[in-house]
Amino acid sequence: MANNTPKAIRGTQDIFGPDAEAFSHVVETFERVRKLYRFRRAEMPVFEKTEVFARAIGETTDVVSKEMYSFEDRGGESLTLRPEFTAGIARAYLTNGWQQHAPLKLATHGPLFRYERPQKGRYRQFHQIDAEIIGAGEPQADVELLAMADQLLRELGISGVTLQLNTLGDGETRGAWRAALIEYFSKVRGDLSEDSQERLEKNPLRILDSKDRRDKAFLADAPRIDEFLSDEAGIFFEDVKSGLKAAGVEFKRAESLVRGLDYYRHTAFEFIPDEGSAAADALGAQSTVLGGGRYDGLMESLGGPATPAVGWAAGIERLAMLVGEREADRPDIVVVVENDAMLGEATKALSKLRAEGFSADMIATGSERKRFTKAQKMDARSIVSFVSSESVKIQGERQSEIESVLA
RNA sequence: GCGAUCGUAGUUCAGUUGGUUAGAACGCCGGCUUGUGAUGCCGGAGGUCGCGGGUUCGAGUCCCGUCGAUCGCCCCA
């Protein structure tokens, strides 16, 4: 390679071969399952006005404060490459009057951008599949969404991953709990890790899932969400749990599971690999495969009417890592031109076969004598070889069927 | 943003305490063998050793910087 060839941007990837097959398998499976649950496809722009994300996600979050790809367009407007789906979907819902379809079940997938330090399973351009139910405030919506996620993982053959479930309560609950946490941790501030001292200002809930030993000492006696749950929020959570049981979705209560983004209320969840499982091994430090929750406050932050909603997103690259490498499908037929004089005949045969729905490839270059061997290595179900006008040989499966197509 | 390890053909890797024209396997191209064939043999193309500087008579090898990858922290899907 010439050394003046430009390199790919840091944190981006060119996906090909077995990895690309795994990637596309994830997307295809998602498309199939999403239809089973009657979610409708939507496509949103890859960039939005910066304020869409700043207002929806929260100015103080890491995503907004230091991870966005923002730039001015030629008209001087500040735009941002989407770092997540939810904010853009909410904006589309409001600006297009999609209220008329509420409750609206939406599914989408595509690239997202975050300026982060690249790592295994973490990229600057990454891809997610995403599902949302907008305009549905009842726990049944949470249950349906989680049942869909659960089925998706099962159909992908992913095991060793458990649904961790928590509630953050309604706005009031979350506020009271947050205040209690700040009060509690402020008393021992000096003994907390540096990271957690900072979290105390920005996002006290996050101290609860700190991995630092110094913080862990205080976690057992920290105020618990359940003490602050309003009656309504408590009933809501109970309904979600009993709905999941009825739907046959297994889960574990995770009291310290919180969400980084400001807009979450009530249900919060993540599918996380079990400790020591093959899945945990495959993902390294990136533990969450699929995560989401309820975001009843989001629409209002964008100036819309109060609109309840739930959603989740999952990293396609991470799911693909759990699926493992996949091979492309075997071709039905390989056509071998063992004699260049037969190229025309072979080309005609190839297009007839493809028109009949056979997947087919042709070998017609390189040494004539080596072409048959090359064809054999392609592991096709059948081989059609053109040696001469008197000698066209069909080997393998479905011989008579192929013969009648070529006749 | 912080810390650690790493960077040699298309790919996976060797390359001795610094010492002639940098090697292997697989893959690719060509020839022979095989002719119902997937084997085997021979030959060929392909690298300014990530990039830039420095030390030295001499650097793939040592030093500094830079870019990138990987593994943690952080964050998140």
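Every chain is numbered from 1, with letters handed out A, B, ... down the list of sequences.
Taking the C1' atom of each, rG52(B) and rA9(B) are spaced 23 Å apart, rounded to whole Å. Rounded to the nearest Å, the gap between the C1' atom of rU17(B) and that of rG53(B) is 26 Å. Between the C1' atoms of rG1(B) and rA24(B), the separation comes to 43 Å (whole Å). The gap from the P atom of rG10(B) to that of rU20(B) amounts to 24 Å, rounded to the nearest Å. Spacing between rA38(B) and rA22(B) at atom P, rounded to whole Å, works out to 38 Å. Of the P atoms belonging to rG60(B) and rU55(B), the separation is 16 Å, rounded to the nearest Å. Here, rC63(B) and rU5(B) have their P atoms 12 Å apart, quoted to the whole Å. Comparing the P positions of rG65(B) and rG58(B) gives a spacing of 23 Å, expressed to the nearest Å.
With 3.5 Å as the limit, one finds no donor-acceptor pair spanning the side chains of S242(A) and E238(A). For the residue pair D209(A) / S256(A), no side-chain donor-acceptor distance below 3.5 Å is found, with atom types taken as modelled. Side-chain contact annotation: R189(A) with S186(A), donor-acceptor N/O pair under 3.5 Å absent. Side chains of H109(A) and R41(A): a donor on one and an acceptor on the other come within 3.5 Å. Neither side chain, E403(A) nor Q399(A), offers a donor N or O lying under 3.5 Å from an acceptor on the other. Side-chain atoms of T86(A) and E132(A) form a donor-acceptor pair, as typed in the model, at a separation below 3.5 Å.
Note: CD (E194(A)) to P (rC75(B)) measures 13 Å, nearest angstrom. Atom pair M321(A):CE and rC76(B):P shows a separation of 18 Å (rounding to whole Å applied). When rounded to the nearest whole Å, the span between CD of E84(A) and P of rC75(B) equals 17 Å. Across the protein-nucleic acid pair, R122(A) atom CZ and rU70(B) atom C1' stand 13 Å apart, rounded to whole Å. Taking atom CD on E116(A) and atom C1' on rC73(B), their separation rounds to 13 Å, with Å as the unit. Regarding I363(A), its CD1 atom lies at a distance of 16 Å from the P atom of rA38(B), rounded to whole Å. Whole-Å rounding puts the K370(A) NZ to rG44(B) P distance at 14 Å. As rounded to whole Å, 8 Å separates atom P of rC74(B) from atom CG of D212(A).
Within a heavy-atom distance below 4.0 Å of RNA chain B, the residues of residues 32-71 of chain A found are D62(A), E67(A).
For D329(A), the CG atom is loosely surrounded, since the number of other residues' heavy atoms within 6.0 Å does not exceed 12.
At distances below 3.5 Å, at least one donor-acceptor pair connects side-chain atoms of Y184(A) with backbone N or O atoms of F218(A).
Picking from rC73(B), rG31(B), rA77(B) the nucleotide with the shortest atom distance to the side chain of D195(A) gives rC73(B). Nearest nucleotide to the R117(A) side chain, out of rA77(B), rC2(B), rC74(B): rC2(B).
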Practice prompt. Dump the intermediate steps for salt bridge (charged side-chain N to carboxylate O under 4.0 Å, His left out) on R265(A) and D170(A), then the final yes or no.
Written response: CA-CA 6 Å; R265(A) 298 285 181 280; D170(A) 46 33; over 6 Å; no
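Among the atoms of the strands shown, base atoms are found under 4.0 Å from some heavy atom of Q119(A). As judged by a 4.0 angstrom heavy-atom cut-off over every strand, F271(A) is placed among residues making no nucleic acid contact. Residue G121(A) is classed as a base contact, given a heavy-atom separation below 4.0 Å to a base. Nucleic acid contact for G11(A): sugar-phosphate only, since backbone atoms but no base atoms lie under 4.0 Å from a heavy atom of the residue.
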Response to the item:
Dot-bracket for RNA chain B, 5' to 3', Watson-Crick and G-U pairs with both distances under 3.5 Å, [ ] for crossing pairs, | for partner on another strand, reads (((((((..((((.....[...)))).(((((.......))))).....(((((..]....))))))))))))....
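Within the structure, a side-chain polar atom (N or O) of R199(A) is placed less than 4.0 Å from OP1 or OP2 of rC75(B). Put simply, K377(A) has no side-chain N or O that comes within less than 4.0 Å of OP1 or OP2 on rA38(B). Contact between the side-chain N/O atoms of R10(A) and the OP1/OP2 oxygens of rA69(B) is found at a separation under 4.0 Å. Distances shown here put a side-chain N or O of K374(A) below 4.0 Å from the OP1 or OP2 atom of rC29(B).
Of the charged side-chain nitrogens involved, at least one lies within less than 4.0 Å of a carboxylate oxygen, so that D340(A) and R371(A) count as a salt-bridged pair. Checked for salt-bridge contact, R206(A) and E198(A) miss the test: no charged N lies under 4.0 Å from a carboxylate O. Salt bridge present: D296(A) and R294(A) bring a charged side-chain N and a carboxylate O closer than 4.0 Å.
In terms of position on RNA chain B, the residue among P118(A) and T373(A) whose nearest nucleotide sits closer to the 5' end is T373(A). Sequence order on RNA chain B of the closest nucleotides to I9(A) and Q128(A) puts I9(A) first from the 5' end.
Evaluation of atom-type donor-acceptor distances gives no pair under 3.5 Å for the side chain of R206(A) against the base of rC74(B). Side-chain N/O atoms of E338(A) and base N/O atoms of rG37(B) include a donor-acceptor pair closer than 3.5 Å. The base of rC76(B) lies close enough to the side chain of R318(A) for a donor and an acceptor atom to sit less than 3.5 Å apart.
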